[in-house]
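I have placed the structure first, in the form of C-alpha cells, so that the comments after it can refer back to it.
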2 protein chains.
Amino acid sequence: MWYNGAVNARSENRIEMVLEFLGQKGAYLILRQLLEGPQRFGELQERTQLLPRTLSLRLKEMEAAGLVTRHRFAEVPPRVVYELTPRAEKLKPVMDALEEWAREA
Amino acid sequence: MWYNGAVNARSENRIEMVLEFLGQKGAYLILRQLLEGPQRFGELQERTQLLPRTLSLRLKEMEAAGLVTRHRFAEVPPRVVYELTPRAEKLKPVMDALEEWAREA
DNA sequence: CCGGATCCGGCTCGATACTG
DNA sequence: CAGTATCGAGCCGGATCCGG
C-alpha cells in the first residue's frame, strides 16, 4: 500500500498516505478494535457497525499495507480471523496521544 | 468544527473527525508548514503547491475548528497571515511520532 | 494579493441483493 | 460465515474565470 502503491494515488509520501487511509470511513474504528486482539469478520462487523462492503475494503487495504494478517480456517462454517501486525501495533501509543489531544480542551 | 459541526457529518466523534480532516488533500501539508511559523496565503500556496481553492477550503476548516487564526491587514495590496493556535501546536509531538512511525520499517 | 463562484469528472459510500 | 456484485447518490478535488 504505502510501500508500493497508494490508497488512491493522491498522496506521494508515507505520512500523507497513512493519514489518507485513516481518514477513510471505518479505518480508525477497525484499527481500534483490532488493537484489543484478533477478531473475526463478523465480530468486527457488529462492533464497528460497518457495512460488509466497507469493512471488507478497509481490511483488504490494511492487509496490502502490511497492517493486518488474515487467517483463514478451512472449517464449516468458515472462520476468518484478522490480526494486527507488530508494525500496526506500534501505532497504539500514537493513536493514544492523538485521542488524548482530541479529548482535552 | 469538531466541536459543534463536522467536516462533512460522516464522523460523529472527535478523533474520527480529526483523522477525516487530516486525510483530506493538503491538510497535513498546511499544518506542517504553519508549524514553522505564521505565514501568508501566497507563501502557503507556493510551498504546498495547492490550488488556491483547496488551500482556502482547508484554511477555513482549520479556522472553524479552532486550529488557526486569521490576521487580515487593511493594506494595499492586502495581506493575510495565518497562524496556528496553541491547541494546534500541541499536535506537533503527535505528528512527529506518526512521522517517525511512517519512516521506520 | 487573496480568495470566491462555478462547472464537472471521479471516487467513496450506502443500500440491497446474492454466493462459496 | 464471510464476503462480492451492482446501482445510485453525493462529496471532493481540479480547472478556469472573476471580484474586492
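Lettering follows sequence order; numbering is per chain, from 1.
As a whole-Å value, the separation of L55(A) CG from dC13(C) P is 13 Å. Atoms CG (L51(B)) and P (dC17(D)) sit 14 Å apart, rounded to a whole Å. One interatomic measurement links the two molecules: CD of Q49(A) to C1' of dC13(C), which rounds to 16 Å at whole-angstrom precision. Rounded to whole Å, atom C1' of dG10(D) lies 14 Å from atom CD of E20(B). Atom CZ of R72(B) is separated from atom P of dG20(D) by 16 Å (rounded to the nearest Å). Computed from coordinates, the K25(B) NZ to dT12(C) P distance equals 14 Å when rounded to whole Å. Atom-to-atom, CE of M62(B) to C1' of dG3(C) comes out at 17 Å; the value is rounded to the nearest Å. We find that CD of Q39(A) is positioned 16 Å from P of dC1(D), with the value rounded to whole Å.
Not counting sequence neighbours, the partners of K92(A) by the side-chain hydrogen bond (donor to acceptor under 3.5 Å, both in side chains) test are D96(A).
Between T54(B) and the phosphate of dG14(D), there is a side-chain N or O to OP1/OP2 separation shorter than 4.0 Å.
Axis deviation across the helix from dC1(C)-dG20(D) to dG20(C)-dC1(D) amounts to 50°, comparing end segments of five pairs, rounded to 10 degrees.
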Step-by-step salt bridge (charged side-chain N to carboxylate O under 4.0 Å, His left out) determination, K60(A) to E63(A): CA-CA 5 Å; K60(A) 233 181 277 190; E63(A) 193 182 1; over 6 Å; no

Test log, rule side-chain contact (heavy atoms from CB on, under 4.5 Å), inputs R103(B) and E100(B): CA-CA 5 Å; R103(B) 196 175 311 113; E100(B) 172 61 18; 2.6 Å; yes

Audit row: L57(A), K25(A), side-chain contact (heavy atoms from CB on, under 4.5 Å) steps and yes/no: CA-CA 10 Å; L57(A) 285 172; K25(A) 180 67 182 283; over 6 Å; no

CA sep, side-chain torsions, deciding dist, call: L29(B), R32(B), side-chain contact (heavy atoms from CB on, under 4.5 Å): CA-CA 5 Å; L29(B) 242 58; R32(B) 261 305 173 205; 5.8 Å; no

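Of all the residues in residues 27-37 of chain A, not one reaches under 4.0 Å from DNA chain D with any non-hydrogen atom.
Residues V81(B) and F41(B) fall into different hydrophobic clusters, defined by Ile, Leu, Val, Met, Phe, Trp and Tyr side chains chained together at heavy-atom separations under 4.5 Å. L51(B) and Y28(B) fall into different hydrophobic clusters, where Ile, Leu, Val, Met, Phe, Trp and Tyr residues are linked whenever their side-chain heavy atoms come under 4.5 Å apart, directly or through other members.
Within the nucleic acid shown, R58(A) comes within 4.0 Å of sugar-phosphate atoms alone, with no base atom in reach, counting heavy atoms only.
Listed by first and then second residue, the side chain to side chain donor-acceptor pair (under 3.5 Å) pairs that reach into residues 65-83 of chain B are T69(B)-H71(B), H71(B)-E83(B), E75(B)-R79(B), sequence neighbours excluded. Listed by first and then second residue, the side chain to side chain donor-acceptor pair (under 3.5 Å) pairs that reach into residues 38-49 of chain B are Q33(B)-Q39(B), Q39(B)-R47(B), sequence neighbours excluded.
Here the CG atom belonging to L31(A) is positioned 10.0 Å from the CD atom belonging to E89(A), to the nearest 0.5 angstrom. Taking CG from L59(A) and CG from L55(A), the interatomic distance works out to 4.5 Å, rounded to the nearest 0.5 Å.
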Footprint string (nucleotides 2-8 of chain D, 5' to 3'): B base within contact, S backbone only, - free, heavy atoms under 4.0 Å: SBS-B--

